[in-house]
Enquirer: 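Below is a structure I'd like to ask you about.
The figures that follow rest on heavy atoms only: side chains count, while hydrogens, waters and symmetry mates do not.
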Amino acid sequence: MPRDIEVEDLSAHVDALNATFRNRPACAVLAQALGDEWLGPVALASSFGADSIVLIHMVAQLDRTLPVLFLDTGQMFAETLRYQRRVAADLGLTDLRVVRPDPAELLVRDTDGILHQADQDACCTLRKVEPLEKALAGFGSWITGRKRFQGGRRVALKHFEMQGGRVKVNPLAHWSPAELRTYVIENDLPLHPLQARGYTSIGCAPCTVPTRFGEDARAGRWPGGEGGMRHPFRRRPGGAVGCSGMSVLVTDAGFAPDDWTGGFVPVEALGDPAWRGVAVELGAELLPDALADLARAFDRIALIRIPFAHFADGRGFTLARELRLLGYAGRLRAVGHVIADQYAMARRSGFDEVEISDDLAARQPQAQWLARADWQAFDHRARLGARPVVGGIGFDLVSQHG
C-alpha cells in the first residue's frame, strides 16, 4: 500500500466518508476522492465503454492530469479503441495509461486466443484482473464507473468501499440511466458508437452482445447458453413468445390482457428462409433504406411492436408516424416505458395500443388512460386504405435508446 495508514484506520475513514457523502452529488464525491490525502494516490480505471464518457468528462473538468487506466485486453472492439483515442484527445487527458496483459502469460495460458470459449473466468483473470492489479500497484485508491442499477452485487453499492487495502470510489453509484443520458445531452458528449446498435454494456468483443428490450443493462456481457449465444426468446404470459415480459394492453376501450398469441420474430431468425427476410429487428438509428425494405413486407406483418426504452425519448413516436406514412396498416403497438400522459401522443402518432407492465398498470389505473383517450376518431386505416394482412407474423421493431 503506497501510503502509511493502517488498514483498520482507513476502513473507519471509508465508513465516515460514506456517512458524509451518502446523499451528496457525484461531483462532490469525486472532488473528495481527488483531494483526500487518506485515499491518494488516485487513478481512474475506465473501459471507455457504454456511459464511460460521463465519469471521464467529470474527471477532466477537475484534473486532466489524473492518471486514467484503460485496460486493453487484446480482444476489444475496434470501435472501443477508436472511441478511446477520440475521447482522450477531445477531453485533453494528459496521463492516459493503456494497460495490457503480459504477452508471455498470453503465450502460455491462451496461445490461440480462445480461452474465453472454455473458461471465461480464467480469461478475465488473465486479460483483466491481473493486468489491472499490476497497474494499480502504485495507487492507494481507484475510481470506477459502477452503478447500482447495473444489478447483481452492485445493487447495494456505496460511494466508497475497501478492497484489498485500497479504496474503490464509485461517484456514480446512485445514478440512474436517465441521469446519465441527461448529463451526456447537456454536455454534448459523444456516446460509444456501439450503443446505437443495442449494446448497453460493452466489454471484450467475444463476450459481448446487444441486449434486448426489457433485459438488464449488463445482460449482454458474458452471455450464457450453448456456444456463448443467448437464448433468443422469453416466454410471456398467455403463451406468446416475446422479449419484454409486459402483460397489460391499453386501448381506447381500457385495460385488457394481451390478445396476441402469434409469437414475435427476433433478429436471430433472420437467417431462417421460412421468414423470407421479413422478420428482423432494427436498431434505433433507422436508415430510410431499412424502412423501405420493411415496407415491401407490410402485407405479411400483422403486428409491429416498437419498444420505448424510457419515457423521455420520443423517437418511437416519430418512427410510428414514418411507418404509417409508408403505408403500414396493421396493428402498431408501443411497448414499455410509455405513461398515461403520453397516450394521446401515441394515438396521434399512429399507435393502436400500448403494452405496459403490471406494475405501471397498478400505479396508473385504467381511468387515467381513458381520460386521455381522446383520439378515437383517428383512423389511419381509413386514411391509408385497408390493406390485407396475412401470415400472422408479429414483428419486434426494437428501438434501443437507453
Side-chain angles (χ1 to χ4, degrees), residues 26 30 43-101 113 116 123-124 127-128 131-132 135 142-147 149-150 170-172 175 177-211 215 217-223 282-287 309-310 313 315 398-402:
L30 191 56
L44 166 66
S46 178
S47 65
F48 284 79
D51 300 323
S52 292
I53 187 66
V54 171
L55 190 54
I56 298 171
H57 181 263
M58 286 184 178
V59 166
Q61 306 313 298
L62 294 173
D63 184 3
R64 295 184 179 182
T65 69
L66 186 78
V68 177
L69 311 179
F70 169 58
L71 186 58
D72 180 359
T73 64
Q75 296 186 335
M76 309 300 286
F77 287 97
E79 291 88 344
T80 298
L81 301 179
R82 290 194 294 267
Y83 182 65
Q84 174 263 306
R85 292 192 291 268
R86 174 189 175 183
V87 169
D90 289 352
L91 298 183
L93 304 178
T94 63
D95 192 4
L96 178 70
R97 307 182 187 185
V98 180
V99 180
R100 296 185 174 90
H116 63 276
C123 186
C124 286
R127 294 181 177 272
K128 295 173 61 176
L132 182 59
W142 51 302
I143 302 165
T144 83
R146 297 183 304 156
K147 309 160 195 74
F149 75 80
Q150 292 171 328
N170 311 300
L172 304 180
W175 276 43
E179 288 173 308
L180 293 170
R181 287 189 293 270
T182 298
Y183 188 95
V184 169
I185 293 170
E186 290 182 347
N187 290 280
D188 194 24
L189 301 177
L191 289 174
H192 192 296
L194 291 180
Q195 286 182 268
R197 291 160 52 185
Y199 290 81
T200 54
S201 182
I202 303 166
C204 296
C207 298
T208 309
V209 297
T211 53
E215 286 187 321
R218 289 176 63 82
R221 300 289 294 277
W222 308 284
L282 303 180
E285 304 303 325
L286 294 174
L287 300 177
H310 55 91
D313 196 327
R315 284 177 286 184
V398 175
S399 179
Q400 298 184 17
H401 308 305

Enquirer: Side chain of Thr208, backbone of Gly203: donor and acceptor closer than 3.5 Å?
Expert: yes
Enquirer: Looking at every non-hydrogen atom in both residues, tell me the closest pair between Thr144 and Leu55 and how far apart they are.
Expert: O-CD2, 3.2 Å
Enquirer: If you measure from CD1 on Ile56 to CZ on Arg64, what distance do you get to the nearest 0.5 Å?
Expert: 13.5 Å
Enquirer: Just verifying a value: how many Å separate Leu191 CG and Leu180 CG, rounded to the nearest 0.5 Å?
Expert: 10.0 Å
Enquirer: How about Ile53 and Val87: do any of their side-chain heavy atoms sit closer than 4.5 Å?
Expert: yes
Enquirer: Any idea which heavy atoms bring Ala45 and Trp142 closest together, and the distance?
Expert: CB-CE3, 3.6 Å
Enquirer: Taking only residues two or more places apart in sequence or in another chain, which ones pass salt bridge (charged side-chain N to carboxylate O under 4.0 Å, His left out) with Arg82?
Expert: none
Enquirer: Check the pair Leu96 / Gln84 against side-chain contact (heavy atoms from CB on, under 4.5 Å), numbers first and verdict last.
Expert: CA-CA 10 Å; Leu96 178 70; Gln84 174 263 306; 2.7 Å; yes
Enquirer: Taking the side chain as everything from C-beta on, heavy atoms only, tell me whether Arg86 gets closer than 4.5 Å to Pro190.
Expert: yes
Enquirer: Taking C-beta and beyond as the side chain, do Phe48 and Leu81 meet within less than 4.5 Å on heavy atoms?
Expert: no
Enquirer: Are the side chains of Ile143 and Pro171 in contact, using a 4.5 Å heavy-atom criterion?
Expert: yes
Enquirer: Please tabulate, one pair per line, all N/O donor-acceptor pairs under 3.5 Å involving side-chain atoms of residues 65-80, not counting sequence neighbours.
Expert:
from: Thr65; atom 1: OG1; to: Asp63; atom 2: OD1; distance (Å): 2.5
from: Thr65; atom 1: OG1; to: Asp63; atom 2: OD2; distance (Å): 3.4
from: Asp72; atom 1: OD1; to: Gly74; atom 2: N; distance (Å): 3.0
from: Thr73; atom 1: OG1; to: Gln75; atom 2: N; distance (Å): 3.2
from: Gln75; atom 1: NE2; to: Gly113; atom 2: O; distance (Å): 3.0
from: Glu79; atom 1: OE2; to: Arg197; atom 2: NH1; distance (Å): 3.3
from: Thr80; atom 1: OG1; to: His192; atom 2: NE2; distance (Å): 2.8

Enquirer: To the nearest 0.5 Å, what is the distance between CG on Leu132 and NZ on Lys128?
Expert: 9.5 Å
Enquirer: Considering non-hydrogen atoms only, spot the tightest contact between Lys147 and Leu172 and give its length.
Expert: CG-O, 3.5 Å
Enquirer: Any side-chain heavy-atom pair from His57 and Val59 closer than 4.5 angstrom?
Expert: no
